[in-house]
Amino acid sequence: MKSEPDELSIDAALATQTIAWFGVRNYQARNFMRDTMRVGDGVLFYHSSCAEPGIAGIAEVASVAYPDDTQFESASKYFDPKATPENPRWFQVDIHAACKTRLLGLPEMRTCEALSDMLVLKKGSRLSITPVTANEWATIMGLLGK
DNA sequence: GCCAACGTTGGC
DNA sequence: GCCAACGTTGGC
């Protein structure tokens, strides 16, 4: 899951009990949260749009998906006039930050053959949430010494 | 700040 | 349902 450290860094996430991952406004990313995430799933906390993009920590999914209230709030930048509480369009999950890791930067990830198919590394990939396979997870834990 | 890549919107 | 125009993302 991508987070801009200026918005929410791994340090800030660790200082927060439960992080509500609101504001996702992309259908694919929404579907990953709603349809494939389960409580207890591992999360790679990725710093994006910053000097050193890469994996900065590990977190855990702490809830199933539930409606993102900001879609109903007309004053919110995440407001969606086409969404209603009866028929919500956008969902969020709760996340619990587990630990900070050394920064596993993009260049290092790209040199790793076992990670070459990771969605987040694909050219032009802009999805803020992408799935990680069990093998990719294991490879990354190895690189992080976890 | 640039720009490639991608998603969304809306006219037709 | 096509596709041009536009907006956004995010690495560099």
Side-chain angles (χ1 to χ4, degrees), chain A residues 1-16 19-37 41-133 135-146:
Chain A
M1 297 176 88
K2 292 181 186 174
S3 182
E4 298 185 16
D6 287 348
E7 294 280 330
L8 180 73
S9 67
I10 182 63
D11 289 319
L14 280 167
T16 309
I19 299 144
W21 212 268
F22 62 89
V24 172
R25 292 296 180 268
N26 171 281
Y27 289 105
Q28 275 183 271
R30 177 203 68 183
N31 292 348
F32 288 136
M33 285 197 291
R34 191 189 58 187
D35 304 335
T36 66
M37 282 191 181
D41 282 353
V43 171
L44 299 170
F45 196 99
Y46 181 96
H47 280 176
S48 69
S49 292
C50 57
E52 274 194 291
I55 293 166
I58 298 170
E60 200 171 88
V61 175
S63 81
V64 295
Y66 59 98
D68 176 345
D69 278 340
T70 59
Q71 70 192 300
F72 312 127
E73 296 164 2
S74 57
S76 169
K77 67 172 175 172
Y78 298 117
F79 178 61
D80 183 343
K82 292 178 181 164
T84 63
E86 295 73 31
N87 195 12
R89 178 180 289 195
W90 304 112
F91 290 81
Q92 67 192 64
V93 294
D94 291 340
I95 291 297
H96 180 250
C99 66
K100 187 174 183 172
T101 63
R102 76 174 176 88
L103 191 99
L104 178 54
L106 257 192
E108 184 178 353
M109 291 174 74
R110 292 195 197 284
T111 65
C112 184
E113 179 63 27
L115 301 179
S116 58
D117 286 332
M118 272 191 87
L119 247 80
V120 75
L121 300 184
K122 297 283 183 185
K123 185 177 175 186
S125 168
R126 302 180 311 162
L127 274 180
S128 61
I129 299 174
T130 48
V132 180
T133 67
N135 279 341
E136 289 160 356
W137 180 274
T139 299
I140 287 164
M141 291 306 114
L143 290 171
L144 293 173
K146 295 279 178 184

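Chain letters run A, B, ... following the sequence lines, proteins first and then strands; every chain starts at 1.
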Acceptor/donor pairs from residues 113-127 of chain A side chains to any protein atom, 3.5 angstrom cut, sequence neighbours excluded:
| unit_1 | atom_1 | unit_2 | atom_2 | d |
| --- | --- | --- | --- | --- |
| A:Ser116 | OG | A:Glu113 | O | 2.9 |
| A:Ser125 | OG | A:Leu119 | O | 3.2 |

side-chain hydrogen bond (donor to acceptor under 3.5 Å, both in side chains) with A:Glu4: which residues, sequence neighbours excluded? none
Roughly how many Å is it from CG in A:Leu103 to P in C:dG11, rounded to a whole number? 11 Å
Residues touching DNA chain B, which here means a heavy atom under 4.0 Å, drawn from residues 2-9 of chain A: none
Between A:Asp68 and A:Gly23, is there a donor-acceptor pair closer than 3.5 Å when you use the side chain of the first and the backbone of the second? yes
Begin from the C-alpha positions of A:Leu143 and A:Arg102 and carry the test side-chain contact (heavy atoms from CB on, under 4.5 Å) through to its verdict. CA-CA 10 Å; A:Leu143 290 171; A:Arg102 76 174 176 88; 4.2 Å; yes
Show the atom names and distances, to 0.1 Å, of all donor-acceptor pairs under 3.5 Å that link a side chain in residues 41-48 of chain A to residues at least two apart or in another chain.
| unit_1 | atom_1 | unit_2 | atom_2 | d |
| --- | --- | --- | --- | --- |
| A:Asp41 | OD2 | A:Arg38 | N | 2.8 |
| A:His47 | NE2 | A:Ile10 | N | 3.1 |

List in chain and number order the residues that pass side-chain contact (heavy atoms from CB on, under 4.5 Å) with A:Arg30, two or more places apart in sequence or in another chain; answer none if no residue qualifies. A:Tyr27, A:Arg34, A:Arg89, A:Trp90, A:Phe91
At under 4.0 Å between heavy atoms, which parts of nucleotides 1-7 of chain B does protein reach? Answer with one letter per nucleotide, 5' to 3': B base, S sugar-phosphate only, - none. ----BBS
Spacing of A:Lys77 atom NZ relative to C:dT8 atom P, expressed in whole Å: 11 Å
note: A:Ile129, atom CD1; C:dG10, atom C1'; distance rounded to Å ~ 16 Å
Determine, stepwise, if the pair A:Trp137 / A:Ile58 fulfils side-chain contact (heavy atoms from CB on, under 4.5 Å). CA-CA 11 Å; A:Trp137 180 274; A:Ile58 298 170; 4.0 Å; yes
Nearest-0.5 Å distance, SG of residue A:Cys50 to NZ of residue A:Lys2: 11.0 Å
